[in-house]
Amino acid sequence: MRRALGDIDGVRSALIATVSAVVVFGGGALVVVRSPNWPRVRQQFFNGDDFVEAWPQVLDGFWLNLELFAYAMLLIPVVALAVAVMRSLRGPAFWPVRLVAVVYTDVFRGVPLILLILLLGFGVPALDISGLPRSSTFWGIMALTLSYSAYTAEIYRSGIDAVPESQTASARALGLTQWQSLRFAILPQAIRNVVPALMNTVVSLQKDVALISVLGVRDAVREAQIYTTRTFNYTSFVVATLLFLAISIPLTRFVDWFIARDRAVRSQTMVG
Amino acid sequence: MESAPPVKLEIDAVSKSYGDRVVLDGLSLSVAEHEVLCLIGPSGCGKSTLLRCVDLLDPIDSGDIRLDGLSVIGRDVDADAVRRRIGIVFQSFNLFPHMTVLDNVTLGARRAHGIDRATAEATGRDLLERFGLIDKVDEYPNRISGGQNQRAAIARALMSDPEVLLLDEVTSALDPELVGEVLGVIRELAGRGLTMVLATHEMGFAREVADRVCFLDRGQVLEQGAPREVFTTPQHERTQQFLRRVTEAGRL
Ligand SMILES: Nc1ncnc2c1ncn2[C@@H]1O[C@H](COP(=O)(O)OP(=O)(O)O)[C@@H](O)[C@H]1O
Ligand SMILES: [Mg+2]
């Protein structure tokens, strides 16, 4: 009896979901398609021929975005962890180290990423200091790394703070040095605490690599702009959008799945 | 009676405040080698603070602490080396949740004392076997009982073969039926002549295992003596009050 009712409820919810989806999305689509400008917009943004023509060029640029993403993904966790550790060191001897870490996070979290990219990407090569790389791409990666590491360091730090003080006391009581307690007792727990937050940062980084186009580096966005300037057609931007979505949607789904699984595993094992 | 055993640990006029709150107020106390000393006193009287200070986990404001006659306070002292000579076990076990019982027990030996894993694990297994935990070596702390956690924590503290073991209300966080197994372990250590200082609310156990009982009050030792004296004929008004309250709570 209960079960039958449950089934009926299930069918009814599915029905409601379908109807509301049709009304909302269908209605929205209808408004767009019936607007007087739609034929022109369709011509400029959703043109099949332009799509085919722009595709290889934009895709070519997109590989650069992925490359930037990969480099930043390698650098950020390391730099951020170093900053977080510097900031958690106790004792007067480490005061200068803590100060450096605090100034670093304050400055690089305070500057809009796009400005940082412009400043480093145009500024440092213009200084023409021998020994420093002059490639805009290189400095673009540096800007991404510096900015994201400042945020990520704060994530790590919140994870370190969430580990009870008594864990540090236990580790020190065993004769471990401050660094050894962090390394073997505290950080493994801290990192475990913040994996979900870190994963969400990865999703946003994947999109922010597109900002490097302001340096004129020929990434997907830049290539799309070049196409637009040449043809007065904007379909190339739709191509770039689809490419980014092709990565970010699966990535987001994966992160959500991972976080849900992580939560389930923890609720099973973390109860004392 | 033989000649008095040498003094192992000396706490000499130690003071410690947290902000305005004076917790230890010129407290002096000495512990002889092989002695079992029980610290009793109401909650908040400074038992935990004293033990933490002795293990150099909290700095003292003034006074001195000596181990085998040598001061362990001062800039030129290697605090990590001192901590290896003193073991401490906390009320809340504090095993590292991301490590197995065996890894918990051997961490200090492997990382701080530079002992190779095989040797450390052999020693660790022996200790865990002694404490009835040999079938739990590969378990994680959250998969075993509080009593097992606490026995593992004691094993962990004993790995460096400490000269003094400090125990801070190690049974207070346990379900009543698990208290006995932990007290059993402490009893065994006392029997082996390990020098111990234990803060406890288990008056019955203190009476049984202690060579001496100290009643702490207002940051000082108000009264001390053999358990029989302190428990049956307490001299000070406040000791009497405290013991009466404990008796009413049914813990003696
Ligand atoms: N880290 C700390 N910061 C501030 N006050 C503290 C701290 N640790 C202990 N205290 C205070 O010191 C007093 C003694 O505490 P404690 O040593 O834990 O007593 P006991 O173990 O005898 O119950 C209490 O009033 C407590 O609030
Ligand atoms: Mg206490």
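Just so we're on the same page: letters track the sequence lines, and every chain starts at 1. Here the structure is a predicted model, which means the values were calculated and not measured. For the numbers below, each heavy atom of this structure counts, side chains included, while hydrogens, waters and symmetry mates do not.
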### Summary
Sorted by chain and number, sequence neighbours left out, side chain to side chain contact (heavy atoms under 4.5 Å, CB included) with Asp126(B) holds for none
### Query
Looking at Ile88(B), Leu166(B), Leu107(B), which one has more heavy-atom pairs under 4.5 Å with chain A than the rest?
Leu107(B)
### Query
For Gln180(A), is it the side chain, the backbone, both or neither that has a heavy atom under 4.5 Å from a heavy atom of chain B?
side chain
### Query
Which answer fits Asn94(B), side chain, backbone, both or neither, if we ask what part of it has an atom under 4.5 Å from a heavy atom of chain A?
both
### Region of Leu95(B) that comes under 4.5 Å of a non-hydrogen atom in chain A
backbone
### Task
Give me the one residue out of Thr49(B), Leu29(B), Leu27(B), Ile40(B) that meets side chain to side chain contact (heavy atoms under 4.5 Å, CB included) with Leu216(B).
Leu27(B)
### Query
Is the NZ or CZ atom of Arg156(B) both under 6.0 Å from the centre of the six-membered ring of Phe96(B) and within 45° of that ring's axis?
yes
#### Entry: Heavy-atom pair count under 4.5 Å with chain B, highest-scoring of Thr177(A), Thr168(A), Ile186(A)
Thr177(A)
### Message
Could you work out, with side chain to side chain contact (heavy atoms under 4.5 Å, CB included) as the rule, every residue matching Ile259(A), not counting sequence neighbours?
### Response
Pro196(A), Asn200(A), Val255(A), Arg263(A)
### Most chain B-contacting option - heavy-atom pairs closer than 4.5 Å, from Ala185(A), Ala169(A), Pro164(A), Ser170(A)
Ser170(A)
### Message
So for atom CD, which belongs to Glu165(A), do other residues, nucleotides or ligands contribute more than 12 heavy atoms lying within a distance under 6.0 Å?
### Response
no
### Query
Between Met99(B) and chain A, which part of the residue has a heavy atom less than 4.5 Å away: side chain, backbone, both or neither?
side chain
### Query
Does the ring centre of Phe62(A) sit less than 6.0 Å away from the ring centre of Phe244(A)?
yes
